[in-house]
Amino acid sequence: LEGFPDDLDTAVPEVSDTASEGSCSDQYLHNGVQLPDLPLFYIRVSPSSAWGTQDMIDVLIESARHMRWLMPQSSRIVIGDISHEHGGYFDGHKSHRGGVDADVGIYKTGAWQSPHGFTDLHPDEFDVEANWALISTMLETGKVDMILLDRGHIERLRAYTLRTGLLTAEEVERIFPPEGSRDAWANTGIVRHVAGHTGHLHLRVLCSDGTRAH
């Protein structure tokens, strides 16, 4: 891979084999970990607000590493706000208080992401193949609680995964719930609609003991 080291594993710290035990909070961050600066794999929009639980940091690094192997010609993923160093109130966000939430850029047609931040996309501009690769990589970690995304993008993902046979009809219904409550946090399923997410996805991870943050 041109411009890459011979062994990508030497360019990034290993993700933890086991995260710290116990539940976590969606209101404060205890023993937070800062997302390291790894420009080979991703762009941090704001390092001062890139603090999360060990599980969150693991998911982001693991997903970014996998995307560089899987789609080496695609843009690096763009990672926005996670939490402040000790969590707590985060101006401009309803969540992002406990290190279990992160905003991650999505791919425009051509597997492109703006290095300067998030760009709102019409569903026709949504690179369904690249974005499904990113989302499925996150899901495979087993640490995802939910992903929030715009309904138009979700419908494209539903159609794509069914048409290609990547998922069964039952899996599609489990991962992408039908449109329901306006309160995405109360819906079932994993990838849920919430307004304002046409240019990025909102990732929430589970606590290290497999429970949901509270």
Side-chain angles (χ1 to χ4, degrees), residues 26 42-46 49-50 52 56 59-60 63-64 67 70-71 74-83 90-97 100-141 143-164 166-167 169 171-206 212-213:
D26 59 6
Y42 52 71
I43 296 169
R44 296 183 305 175
V45 174
S46 177
S49 59
M56 171 59 81
V59 170
L60 293 174
S63 298
M67 290 303 294
L70 187 65
M71 304 182 70
S74 67
S75 297
R76 294 168 294 167
I77 63 174
V78 178
I79 301 173
D81 291 333
I82 308 176
S83 290
F90 198 140
D91 188 33
H93 292 288
K94 293 181 179 179
S95 57
H96 292 272
R97 301 184 179 194
V100 294
D101 300 284
D103 290 334
V104 181
I106 55 177
Y107 293 101
K108 185 177 180 179
T109 303
W112 174 83
Q113 287 196 29
S114 170
H116 307 297
F118 304 139
T119 301
D120 290 334
L121 303 179
H122 185 275
D124 291 342
E125 300 176 295
F126 181 79
D127 191 322
V128 66
E129 181 179 358
N131 285 306
W132 172 244
L134 174 60
I135 289 172
S136 62
T137 295
M138 291 176 172
L139 297 180
E140 286 170 3
T141 67
K143 297 178 181 180
V144 174
D145 182 3
M146 68 180 78
I147 292 172
L148 307 181
L149 191 62
D150 183 78
R151 169 60 57 188
H153 300 335
I154 292 175
E155 289 305 318
R156 291 209 63 197
L157 288 166
R158 285 175 61 97
Y160 170 74
T161 52
L162 270 176
R163 183 180 71 253
T164 58
L166 291 169
L167 297 176
E171 289 170 333
V172 167
E173 292 304 312
R174 179 170 58 84
I175 295 173
F176 308 107
E179 189 169 4
S181 167
R182 290 180 177 271
D183 181 8
W185 300 91
N187 286 343
T188 58
I190 300 173
V191 183
R192 312 177 186 186
H193 164 73
V194 67
H197 288 71
T198 60
H200 70 281
L201 62 82
H202 179 114
L203 168 69
R204 171 165 282 205
V205 298
L206 296 165
R212 304 181 71 178

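When reading the values below, keep in mind they use all heavy atoms of this one structure, side chains included, and skip hydrogens, waters and symmetry mates.
- Closest approach of His197 and Leu148 over heavy atoms only: CD2-O, 3.8 Å.
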Self-check item: From CA spacing to verdict: side chain to side chain contact (heavy atoms under 4.5 Å, CB included), Arg158, Glu173
Solution: CA-CA 9 Å; Arg158 285 175 61 97; Glu173 292 304 312; 2.6 Å; yes

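- With a 6.0 Å radius and a threshold of 12 heavy atoms from other residues, nucleotides or ligands, Glu129 has its CD atom at or below the threshold.
- Rounded to the nearest 0.5 angstrom, Ile135 CD1 and Glu140 CD are separated by 12.0 Å.
- Of the candidates Met138, Gln113, His200, Met138 is the only one forming a side-chain contact (heavy atoms from CB on, under 4.5 Å) with Val104.
- Without hydrogens or angle criteria, Arg192 side chain to Met146 main chain gives no donor-acceptor distance under 3.5 Å.
- Asp127 and Ala111 get closest at one heavy-atom pair: OD2-N, 2.8 Å.
- For Asp124, there are no side-chain hydrogen bond (donor to acceptor under 3.5 Å, both in side chains) partners two or more places apart in sequence or in a different chain.
- Scanning all heavy atoms of the two residues, the minimum distance from Pro115 to Val78 falls at CA-CG2, 4.4 Å.
- Note: Ile106 CD1 to His153 NE2 = 4.0 Å, rounded to the nearest 0.5 Å.
- Residues Met71 and Ala133 approach most closely at SD-CB, 4.2 Å, considering heavy atoms.
- A distance of 10.5 Å separates CZ in Phe126 from OG1 in Thr198, rounded to the nearest 0.5 Å.
- In this structure, Met56 and Ile82 approach most closely via the heavy-atom pair CG-CG2, 4.1 Å.
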Exercise. Would you please test Ile147 and Leu203 for side chain to side chain contact (heavy atoms under 4.5 Å, CB included) and show each step?
Key: CA-CA 5 Å; Ile147 292 172; Leu203 168 69; 4.1 Å; yes

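- Arg156 places a side-chain N or O within donor-acceptor distance of the main-chain N or O of Pro123, the cut-off being under 3.5 Å.
- Pairing each heavy atom of Leu134 with each of Ser63, the nearest pair is CD1-CB, 4.4 Å.
- The side-chain contact (heavy atoms from CB on, under 4.5 Å) test with Phe176 singles out one residue from Leu167, Leu162, Leu149, and that residue is Leu167.
- Using cut-offs of 30° and 60° for the angle between ring planes, the His202 and His96 rings count as perpendicular.
- Rounding to the nearest 0.5 Å gives a distance of 13.5 Å between OH of Tyr107 and OG1 of Thr119.
- In this structure, CD1 in Ile190 is found 5.5 Å from CG in Leu139, a value given to the nearest 0.5 Å.
- Note: Ser46 OG to Asp103 CG = 11.5 Å, rounded to the nearest 0.5 Å.
- At distances below 3.5 Å, at least one donor-acceptor pair connects side-chain atoms of Thr109 with backbone N or O atoms of Glu125.
- Classified by interplanar angle (parallel below 30°, tilted 30° to 60°, perpendicular above 60°), the ring pair His93/Phe90 is perpendicular.
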